[in-house]
Structure formats: C-alpha cells, structure tokens
Amino acid sequence: MAEVHVIGQIMGATGFSESSLFCKWGIHTGAAWKLLSGIREGQTQVDTPQVGDMAYWSHPIDLHFATKGLQGWPRLHLQVWSQDSFGRCQLAGYGFCHVPSSPGTHQLDCPTWRPLGSWREQLARAFVGGGPQLLHGDAIYSGADRYRLHTAAGGTVHLELGLLLRHFERYGVEC
Amino acid sequence: MAAAGPSVFLLMVNGQVESAQFPEYDDLYCKYCFVYGQDWAPTAGLEEGISQITSKSQDVRQALVWNFPIDVTFKSTNPYGWPQIVLSVYGPDVFGNDVVRGYGAVHLPFSPGRHKRTIPMFVPESTSKLQKFTSWFMGRRPEYTDPKVVAQGEGREVTRVRSQGFVTLLFNVVTKDMRKLGYDTGPSDTQGVSRPSPPPGLPL
C-alpha cells in the first residue's frame, strides 16, 4: 500500500471584512484511503491581528494516509467564521482545496465564498448579523447541487502543506 | 548474508533563529524547543535554548536580531509526528516585569536544502476588558503553562489570541535513508519553489 503524509499548517486568512476569525477544517477522502494517524478535522484558535490585516492561526496538520488507489485524493475543506466581542459567531466563508499531489512543500491560497440570501437576509446580516449557512457541509467540496446556490466571495485562506509520498514508484505512479 | 534495509531514518537540521519584527515591543529574548511524535527521538544536538536579549537597531530597519544557532538531529521510524520548533518570545512591560510577547510554531522542513521561514507570533488574550486591565496592571499576562501546546491542534478552539509580530528562521536540512525507506520528499532546492523533478531512470 502506498502512503501519503500531509504535514503542514493552516497559516491564516486575508481579505475578510471581519477581523476576529477562526477556521473549522476537515479532510475528506475517497473509499480507497485510510487514515492511519492524525486527526481528520479540527478548529483553529480565534485570532485578532494587531499588526496588519492577516489573521494568523498557524494550525498544525499532520496526517498519515494509506491508500490502495488514486481515486478520492484528499480534499481539505474549510469554514471561516468570525467571532465578535460578545462571543457570537458568524459565517465568513466556505472553501476547499485538494491536497497537492506532488511531493514537497506547497503554498496554497484557497478562495472562499459565502451563500447570499434574499435581499432581506442580506440587510439583516448587515445590521444584526447571522446569515444563511449550508445545512450539509459536503456541498463545500462536492459539485453536486451547487447550481442551487447564489454566493458572494469571501477572503482567502493561506496554507502551507508539505507532502511526503512513500512507495508510489513501486506502483508506477508518477507525481 | 543479506544486509537488512534500514528501518530508521535520520533528520539533521541546523540553522538559526535569525531575527524578529515586533513593531510595538523592544528588548526581547526568545526560547525555542522541539515537539515531536512518539516515533521520534533526538539523537544529537540541543533540544532547547534561550537566546540573548536584543534591542531594536536605531536605524530605519528597526531590526531585532538574535542570530541564535539551532543544531539538532532526530531519528525516527515514521514521518508522523514530524518535529516542530516552538518559539516563545518574552520582553519587559512598562513596569519591568517579564511578559510573553508571542508564541509560534512551525514544522521543520522535510526536503533537504536551505529554507527560510517567517512565522507569525501570537499571544493568548483574555476575554473581558477588566481582566485585560488587571493583567496589564499586575504584570501577569495570560500565558501557556507549557509552550508545547502551541504545536498541537487539539483544544485550540476555545482560545482567543492576538497576533503581533513575526520571527524569521533559517534551516539547512539533511536527511539520511528516507529514500531507501521509500519516501519521496520532493525537489530539494534553496528557493522552496516547487519544480517538477526529473523522472527516475533517466540515462546519464
């Protein structure tokens, strides 16, 4: 069985209009993949930047997968939320990106989007907060049923992921 | 007698904690330590250190330079739990107490070669304004009892932090026997830019 190590960090996010941000992340893989060690999902700390406008999380990711096939290459999905001084959380964006498939260290910029509601909901969001959210998280990383959504862009999440592959040449896989 | 293949690979990292940028603070020193998984063990070098206290230069750069050496070698059977370096930066507050100015962590690079990393530093923050004032006044800021917590992902969802500076680190990485064990760490180059590696078996 070939093995894949994903070792890196969710560095932070830029371009969001709110400043106290945190990120819930998870990794989704196909049926041929098995997680041997590591935690598949998590939530970062809430960061309020004092210098500049990038919120920094430096959240470590260390995952060890074993795989029997190339289908279902791991996808990292993210939900960025903002937290205000009263402790209320509001959705700032959803995003996903595939884990890179070539070994080495990669800098990734994952764009995010958030669902827009009706004009009433947008007005309410501007004054009171809240706003529509996805009921099922799998719409973030799958293409099915996306045609029903009308979304607006959020900011960008920056990741640095390193990939270590084992025994891929044995199976004739080039990456 | 057939020689058995290696079961252990080595990671040798040397480098330095080069400098820091903290626009609002001066007279800082840093401590570093390593956090690694259960399959890892340090075999040589120093696992932790405390640097000198540095002040900002008077010129326009406002640089805080430590130039503090790092030299460590690890051995392991499994890349899971790859070592991270955890940095904590401390400095005096207006009353003269030593308070924490930032924590940060980054994985040691795994492709051989030279790497430069600039990591953000953050401090835990109290939630209530009264607590913020009391901690400023008494000189007891919120800090982690064990800085190694910064290198872990679990339990972070309840913490609020404020990022307020950066530290630049330089690493030179050498690995031994990773390729023999079947690991492919990608192209090794000094810029850290991904380039396609040449296909194996190319005739010389």
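In what follows, chains are A, B, ... by sequence order, proteins preceding strands, each numbered from 1.
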K.L.:
Can you list the steps and then say if A:Trp25 with A:His59 is a side chain to side chain donor-acceptor pair (under 3.5 Å)?
P.N.:
CA-CA 10 Å; A:Trp25 64 274; A:His59 190 95; 3.2 Å; yes

K.L.:
So that I know where these two stand, are B:Trp136 and B:Phe95 an aromatic pair - ring centroids less than 6.0 Å apart?
P.N.:
yes

K.L.:
Determine the minimum heavy-atom distance between B:Pro23 and B:Gln164, stating which atoms define it.
P.N.:
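So the two residues come closest at CD-O, 4.1 Å.
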
K.L.:
Measure A:Thr44 against the heavy atoms of chain B and call it side chain, backbone, both or neither at under 4.5 Å.
P.N.:
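Interface part for A:Thr44: backbone (N, CA, C, O).
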
K.L.:
Go through the side-chain N and O atoms of A:Gln50 and B:Glu24 and say whether any donor and acceptor fall under 3.5 Å apart.
P.N.:
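Result is yes, a qualifying pair exists.
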
K.L.:
Mind checking whether B:Tyr32 and B:Phe68 have side chains closer than 4.5 Å, heavy atoms only?
P.N.:
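B:Tyr32 vs B:Phe68: side chains touch.
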
K.L.:
Below 4.5 Å from any heavy atom of chain A, which atoms of B:Ile119 appear? Answer side chain, backbone, both or neither.
P.N.:
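When you check distances to chain A, no heavy atom of B:Ile119 falls under 4.5 Å.
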
K.L.:
Checking heavy atoms, do the side chain of B:Phe166, its backbone, both or neither come under 4.5 Å from chain A?
P.N.:
side chain

K.L.:
Is it the backbone or the side chain of B:Met121 that comes under 4.5 Å from a heavy atom of chain A, or both, or neither?
P.N.:
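When you check distances to chain A, no heavy atom of B:Met121 falls under 4.5 Å.
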
K.L.:
Is it the backbone or the side chain of B:Phe122 that comes under 4.5 Å from a heavy atom of chain A, or both, or neither?
P.N.:
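Side chain only.
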
K.L.:
Between B:Lys56 and B:Tyr25, is there a donor-acceptor pair closer than 3.5 Å when you use the side chain of the first and the backbone of the second?
P.N.:
yes

K.L.:
For A:His167, is it the side chain, the backbone, both, or neither that has a heavy atom closer than 4.5 Å to a heavy atom of chain B?
P.N.:
both

K.L.:
Please work out which of the three classes, parallel, tilted or perpendicular, describes the rings of A:Phe65 and A:Trp33, given edges at 30° and 60°.
P.N.:
perpendicular

K.L.:
Please look at B:Gln21 and chain A and tell me whether the side chain, the backbone, both or neither of the residue comes under 4.5 angstrom of a heavy atom of that chain.
P.N.:
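Neither part, no heavy atoms under 4.5 Å.
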
K.L.:
With a 4.5 angstrom heavy-atom cut-off, is it the side chain or the backbone of A:Phe22 that approaches chain B, or both, or neither?
P.N.:
neither

K.L.:
Pick one: which of B:Tyr183, B:Phe110, B:Phe34 meets ring pair (Phe, Tyr, Trp, His ring centres under 6.0 Å) with B:Trp82?
P.N.:
B:Phe110

K.L.:
Against chain B, work out which of A:Met54, A:Gln45, A:Glu160 has the most heavy-atom pairs shorter than 4.5 Å and name it.
P.N.:
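Of the candidates given, the most pairs with chain B belong to A:Gln45.
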
K.L.:
Give, as side chain, backbone, both or neither, the part of A:Ile61 having an atom under 4.5 angstrom from any heavy atom of chain B.
P.N.:
backbone

K.L.:
Let's test your reading of the structure: which of A:Lys24, A:Gln43, A:Glu3 forms the most heavy-atom pairs below 4.5 Å with chain B?
P.N.:
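The answer is A:Gln43.
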
K.L.:
Side-chain contact test, heavy atoms from C-beta onward, threshold under 4.5 Å: evaluate it for A:Val4 versus A:Phe168 and give yes or no.
P.N.:
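They are in contact (side-chain heavy atoms under 4.5 Å apart), so the answer is yes.
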
K.L.:
For B:Pro79, is it the side chain, the backbone, both or neither that has a heavy atom under 4.5 Å from a heavy atom of chain A?
P.N.:
both

K.L.:
By a 4.5 Å heavy-atom criterion (distance strictly below it), what part of A:Leu163 contacts chain B: side chain, backbone, both, or neither?
P.N.:
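It is the backbone, since no side chain atom gets that close.
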
